[in-house]
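Structure, as structure tokens:
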Amino acid sequence: MRKISKNREMHEEDGFFSLVYQVTRMVPSGRVTTYGAIAKYLGTARSARMVGWALNQSHFLEDHIPAHRVVNRNGLLTGKHHFGGSRVMQELLESEGIQIIDDRVLNFKQAFWDPSEELE
DNA sequence: ACAGTGACCTACT
DNA sequence: GAGTAGGCCACTG
């Protein structure tokens with residue numbers, strides 16, 4: 001169990017959060033996915049916002065979660081501010097072979113990795 | 001308990 | 001095609 005707040009603790013069987021982290025871990029290097037895709041893969045039950053929220057807490061987790069491979073539907077790196085620095089996310093993606101221009105993923109359509117299709 | 005906020009998305013003007 | 005509104009669920013003050 002990991003504390004994510006004073007009064008709140010996260011358990012392994014929290015389900016949604018765990019699933020988000022698992023899917024995020026499954027994203028292959030050099031590919032990216034979106035919050036909506038993950039939400040859809042999970043059934044859209046909690047909407048895409050919760051995916052972002054889950055990834056927000058991923059910084060707190062012991063395990064390293066490649067949250068930099070998750071962008072919004074436009075391929076925009078909206079979450080780069082939450083990586084501590086602004087360039088961390090971009091450099092991480094570039095080190096994996098993804099080119100970023102103006103906080104946007106180049107060839108996003110090709111680099112897009114849909115868990116619903118690839119992962120079934 | 002209430003209201004505001006958020007790494008979003010879809011649909012309608 | 002841009003701008004607006006609503007929905008979604010959890011967290012914070």
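First the proteins, then the strands, lettered A, B, ... as listed; each starts at 1.
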request  = Using a 4.0 Å heavy-atom cut-off across all strands, classify A/Ala67 as base, sugar-phosphate, or nothing.
outcome  = base

message = Quiz question: going by heavy-atom distance under 3.5 Å, is there a donor-acceptor pair between the base of B/dA7 and the side chain of A/His68?
response = no

query = How many Å lie between CE on A/Met50 and P on C/dC8, as a whole number?
reply = 12 Å

query = Is the backbone N or O of A/Gly75 less than 3.5 Å from a side-chain atom of A/Asn72, with the two atoms forming a donor-acceptor pair by type?
reply = yes

query = Taking C-beta and beyond as the side chain, do A/Arg104 and A/Leu77 meet within less than 4.5 Å on heavy atoms?
reply = no

task = Report the distance from atom CD of A/Gln57 to atom P of C/dC9, rounded to the nearest whole Å.
result = 18 Å

remark   = Closest of B/dA7, C/dG7, B/dC9 to the A/Ser47 side chain is C/dG7

request  = Could you check how far OH of A/Tyr21 sits from P of B/dA7, rounded to whole Å?
outcome  = 15 Å

inquiry  = Closer than 3.5 angstrom, by distance alone: can the side chain of A/Asn74 be matched with the main-chain N or O of A/Leu76 as a donor-acceptor pair?
reply    = no

task = Figure out the CG/P separation between A/Asn56 and C/dA10, and round it to whole Å.
result = 15 Å

request  = Report the nucleotide, chosen from B/dA7, B/dC9, C/dA10, that has the shortest atom-to-atom distance to any side-chain atom of A/Trp53.
outcome  = C/dA10

message = Could you tell me how far B/dA7 sits from C/dG3 if I compare only their C1' atoms? Round to whole Å.
response = 22 Å

request  = Say whether A/Phe83 and A/Leu55 are linked into one hydrophobic cluster, either directly or through other cluster members, by side-chain heavy-atom distances under 4.5 angstrom.
outcome  = no

message = What's the closest nucleotide to the side chain of A/Arg73 if the choices are C/dG7, B/dC9, B/dA7?
response = B/dC9

query = With a 4.0 Å cut-off on heavy atoms, is A/Ser58 in touch with a base, just the backbone sugar-phosphate, or nothing at all?
reply = base

remark   = To the nearest angstrom, the CD1-P distance between A/Ile38 and C/dC9 comes to 17 Å

query = A/Asp114 CG to B/dC9 P: how many Å, rounded?
reply = 13 Å

Spacing of A/Leu42 atom CG relative to C/dA10 atom P, expressed in whole Å = 13 Å

key: Length of the CG-C1' vector between A/Leu55 and B/dG6, whole Å   = 13 Å

request  = State, yes or no, whether a side-chain contact exists between A/Lys80 and A/Asp103 at a heavy-atom distance under 4.5 Å.
outcome  = yes

